[in-house]
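Every chain is numbered from 1 and lettered A, B, ... according to where its sequence line falls, protein lines coming before strand lines. In this text the structure is predicted, and so the values were computed from the model without any measurement. Note: hydrogens, waters and symmetry copies are ignored here, and every other heavy atom, side chains too, is used.
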Protein chains: 2
Amino acid sequence: MFTDVGPKKTSSQQLIKEANMRRIFALICINEGISRAGIAASTGLSPTTVSTLADGLISSGLVIETGAGELATSGRKPIMLEVNPGGGAIIAADLQKNGYYLGIFNLKCQSLDEVFIPLKDYEALGSSIVENTAILLEKCGYGVDRLLGICVGAPGIIDRKKGRVVSSTIIPLETSNLFYEKLKKAFPDVTVEIMNESGLCAYAESQYGAIGRHTDNLLYIDIHAGIGAGIIINGSIYEGSGELAGEFGHISIDLNGPVCKCGSRGCLEILASIPALVANIESETDFLKEHPETRTEDEKLRIIAMEYIGKKRYSGQIDKTAEYIAYGINNAINLINPGAVVIGGKITAMGSGFLKKVVEVQRRIGLDRNRRTKIIMSEFEGNPVTAGGARYIFNKIF
Amino acid sequence: MFTDVGPKKTSSQQLIKEANMRRIFALICINEGISRAGIAASTGLSPTTVSTLADGLISSGLVIETGAGELATSGRKPIMLEVNPGGGAIIAADLQKNGYYLGIFNLKCQSLDEVFIPLKDYEALGSSIVENTAILLEKCGYGVDRLLGICVGAPGIIDRKKGRVVSSTIIPLETSNLFYEKLKKAFPDVTVEIMNESGLCAYAESQYGAIGRHTDNLLYIDIHAGIGAGIIINGSIYEGSGELAGEFGHISIDLNGPVCKCGSRGCLEILASIPALVANIESETDFLKEHPETRTEDEKLRIIAMEYIGKKRYSGQIDKTAEYIAYGINNAINLINPGAVVIGGKITAMGSGFLKKVVEVQRRIGLDRNRRTKIIMSEFEGNPVTAGGARYIFNKIF
DNA sequence: TTAATTTCTCCAGTGGCTTTATTAATTGTA
DNA sequence: TACAATTAATAAAGCCACTGGAGAAATTAA
């Protein structure tokens with residue numbers, strides 16, 4: 001996007017120009033409405049340079065002039081520059097058990113639309129995304145040439161270099177599934193990334209979250225059937241040396257605890273996942289007697305949450321889960337000392353009572369100095385996977 | 001060091017020049033003996049530019065020509081460029097209980113000398129370092145103007161911005177101790193950094209270690225009276241949002257375990273530190289009967305290690321310690337998935353038998369895919385704190 | 001209408017990099 | 001020994017992104 005500006009130049013000069021262009025564009029992104037003069041003052045670049053580069057951004061369609069801005073004192077009114085929302089579109093997918101969400105975002109990373117596409121056969125994932133990307137683009141008035149990137153968020157272990165889901169307990173995606181290649185082939189000039197969903201949630205929190213925005217290092221804990229984590233280090237998604245970081249569910253907090261399928265004992269996943277919580281409640285309370293009908297886990301969770309929030313029922317089991325999670329979080333804080341820990345996933349159905357218990361336990365067992373880390377529940381509006389994915393693509397390009 | 005090259009220039013061009021100079025210098029550092037032509041081929045810069053910048057490096061004393069190099073085919077022999085070891089000196093301190101080590105390193109980060117300075121009164125730390133820095137510089141033939149930086153490695157919690165040791169159980173350094181200010185005042189043009197010792201050990205392993213060199217993410221576990229950790233993420237020392245990362249000792253692996261002074265239960269520090277190991281052996285074996293004389297912990301550890309390595313005694317307690325550490329390491333691997341975990345500190349006295357047990361347990365309890373992380377014992381020759389500190393300063397400057 | 005002020009643009013100049021050409025040094029061969 | 005071939009390093013000329021100052025454009029206040 002930034003490389004087709006002007007004729008061939010010597011590499012280093014081109015580099016400078018591109019870097020300055022990025023700086024200017026970033027400023028325009030952050031400040032909704034800023035003048036050329038404002039950019040010059042803020043960057044230290046000369047007004048001349050800013051004018052030249054801004055004109056380049058305008059002619060490439062990324063930026064538009066939005067008329068005269070207000071000025072406190074006298075003088076010529078500034079011409080305000082803003083990101084051109086229609087200048088480009090980003091597509092983000094969120095793979096689920098029986099299909100996927102597909103969202104379209106404008107250049108301001110605002111969600112324009114999001115649909116759920118049911119999938120019977122995951123073999124067809126690639127071609128399905130290709131089709132529905134075209135549909136969404138058309139629906140929102142974008143030509144295919146305006147597509148900037150596609151991000152696919154998936155549960156499980158990702159091999160980003162090969163663009164594959166290596167293993168996942170949730171979606172039936174074989175290692176051999178070539179949906180990444182299909183996307184690259186259909187949209188050759190476009191950035192395509194496969195990312196772990198927890199990482200994208202973490203990224204969404206770190207970019208948009210009221211708390212997350214203010215820290216460089218953040219841990220997002222995703223509690224559902226499994227327990228995963230997304231880690232933000234120095235503002236970027238951290239994936240570890242083998243793209244395996246964030247296996248929060250297999251942190252052990254009880255080496256004498258129950259045996260986990262991973263070979264260890266007392267893992268959080270076996271103690272504090274949603275299935276573990278439901279199983280505890282079923283075996284220790286009258287839940288099954290009161291609700292004898294066969295139900296899905298989601299339905300059970302809904303009932304449990306309702307009765308917990310309304311009548312404080314099952315608080316023994318839920319508090320216990322909170323304690324386990326607090327031990328896990330405290331271990332993570334001791335190791336990586338993030339500025340914030342965000343709890344997300346289905347467990348958020350339990351509401352603030354659950355969070356309160358987690359915080360209470362962590363404050364009790366944590367070192368004094370580690371109590372500064374904020375522990376909150378995700379309050380993200382919309383789908384954090386697609387929002388994080390779109391933002392990730394955006395920041396990768398610009 | 002790089003800023004006084006030539007007259008005033010426009011900012012962006014100056015930036016490019018400096019960046020290219022750094023690139024060239026880095027290449028000369030890595031390749032012992034490289035020609036201007038070789039640099040041009042390797043960087044993609046033009047021969048002319050390389051010549052100009054190399055001349056700048058030579059005239060600033062950082063680089064020297066070391067005569068003609070060998071050439072396979074015919075043609076003019078290249079003039080080899082190398083780092084000028086005498087071009088600068090770096091001083092690194094390693095604070096201990098009763099004094100500190102002070103090492104001097106040349107521009108190739110090679111250790112020239114290292115001395116132990118006993119200290120009765122820690123109030124005098126700053127002036128003592130100033131004095132002994134001058135002595136070491138003179139001893140090695142450096143003028144004071146050749147000093148590039150000083151790194152002080154300290155146990156405990158560091159506030160790097162203020163240059164203070166915030167809390168340490170090992171050395172009696174009050175928060176009010178102004179040794180950082182003293183150093184800055186005595187050597188105003190010089191980079192001065194206070195760093196956590198575990199972080200510096202980790203850095204030394206990641207820069208020089210046979211295994212550590214090959215991974216971007218590394219965990220160094222320092223087991224002595226406490227258990228700390230140094231974390232390398234993307235090749236840099238990671239300190240967390242509050243400079244508190246690496247509190248490995250307070251990771252809990254048994255929420256029903258013994259109460260720790262931190263308020264939690266089953267922390268590694270209370271289960272697997274050197275004092276814990278010695279206490280276990282004293283209470284569960286005949287150690288005290290056989291060695292009734294009062295001894296220091298270090299002496300006890302020496303005896304235990306000797307008998308463990310020679311006669312496999314105390315292997316019950318030592319294996320248990322290894323198991324605890326393995327659980328801690330496995331938790332860390334699950335969370336941050338480093339390429340390597342290096343075990344250091346006094347526990348290394350136990351030799352390869354201890355390491356073997358740690359690896360065995362981690363391999364048993366770890367996820368298949370997490371068994372790829374290498375777990376090794378530190379085999380660093382010399383003092384990793386000063387070596388890591390010197391290297392840290394070097395990489396910060398260049 | 002004029003002065004003052006602020007925004008934006010045009011023009012000449014600076015400096016770091018590149019390309020092309022030249023000089024320097026070495027090997028191989030007649 | 002002379003000379004071509006080859007590689008390394010330097011010199012000269014030109015390119016281009018940025019800067020600073022002059023000036024045009026637009027707006028407010030007097």
Next on the checklist: What I want to find out is whether A:K185 reaches A:E181 closely enough, with some N-O distance under 4.0 Å, to be called a salt bridge.
Outcome noted: no

Checklist entry - Between B:L45 (CG) and C:dT19 (P), how many Å, whole number? => result 11 Å

Checklist entry - Does B:R36 put a side-chain nitrogen or oxygen below 4.0 Å from OP1 or OP2 of D:dT10? => result yes

Item to check | B:S46 and B:T49 side chains, donor-acceptor separation under 3.5 Å | outcome: yes

Checklist entry - Which whole-number value in Å describes the distance from A:M80 CE to C:dT7 P? => result 10 Å

Next on the checklist: Whole angstroms only, please: what is the CE-P distance between B:M21 and C:dC17?
Outcome noted: 10 Å

Checklist entry - Do other residues, nucleotides or ligands put more than 12 heavy atoms under 6.0 Å from B:E65 CD? => result yes

Item to check | Atom-pair distance (CD1 on A:I79; C1' on C:dT9), nearest Å | outcome: 11 Å

Checklist entry - For C:dT18, does either OP1 or OP2 sit under 4.0 Å from a side-chain N or O belonging to B:T49? => result yes

Item to check | Closest to the A:S46 side chain, choosing from D:dC18, D:dT19, D:dT10 | outcome: D:dT19

Next on the checklist: Distance check needed: D:dA9 P versus B:I39 CD1, whole Å only.
Outcome noted: 9 Å

Checklist entry - For B:S51 and D:dT10, is the shortest distance between a side-chain N/O and OP1 or OP2 below 4.0 Å? => result yes

Checklist outcome for this item: Test side chain to side chain contact (heavy atoms under 4.5 Å, CB included), reference A:L81, set A:V50, A:I58, A:N31, output is A:I58

Give each protein N/O atom lying under 3.5 Å from an N/O atom of nucleotides 21-23 of chain D, with the pair distance.
residue : atom : partner : partner atom : Å
D:dG21  : O6   : A:T48   : OG1          : 3.3

Item to check | Under 4.0 Å protein heavy-atom contact, by nucleotide of nucleotides 25-30 of chain C - B base, S sugar-phosphate only | outcome: BBS---

Checklist entry - Quick one: B:L15 CG to C:dG15 P, roughly how many Å, whole number? => result 16 Å

Checklist entry - Does some side-chain heavy atom of A:I24 sit less than 4.5 Å from a side-chain heavy atom of A:L57? => result yes

Checklist entry - Can you check the B:I16 CD1 to C:dG15 P distance for me, whole Å? => result 15 Å

Item to check | Touch class at under 4.0 angstrom, heavy-atom based, for B:T52 against every strand present | outcome: nothing

Item to check | Residue A:Q13, side-chain heavy atoms: nucleotide from D:dA8, D:dT19, D:dC16 that is nearest | outcome: D:dC16

Checklist entry - Heavy atoms, side chains only, cut-off 4.5 Å: are A:I30 and A:F25 in contact? => result no

Checklist entry - Any luck finding a side-chain donor-acceptor pair between B:N395 and B:Y203 under 3.5 Å? => result yes

Item to check | Between P of D:dT10 and CG of B:L53, the distance in whole Å | outcome: 12 Å

Next on the checklist: With a 4.5 Å cut-off on side-chain heavy atoms, are B:I150 and B:I393 touching?
Outcome noted: no

Checklist entry - Is the number of heavy atoms from other residues, nucleotides or ligands under 6.0 Å of B:E32 CD greater than 12? => result yes

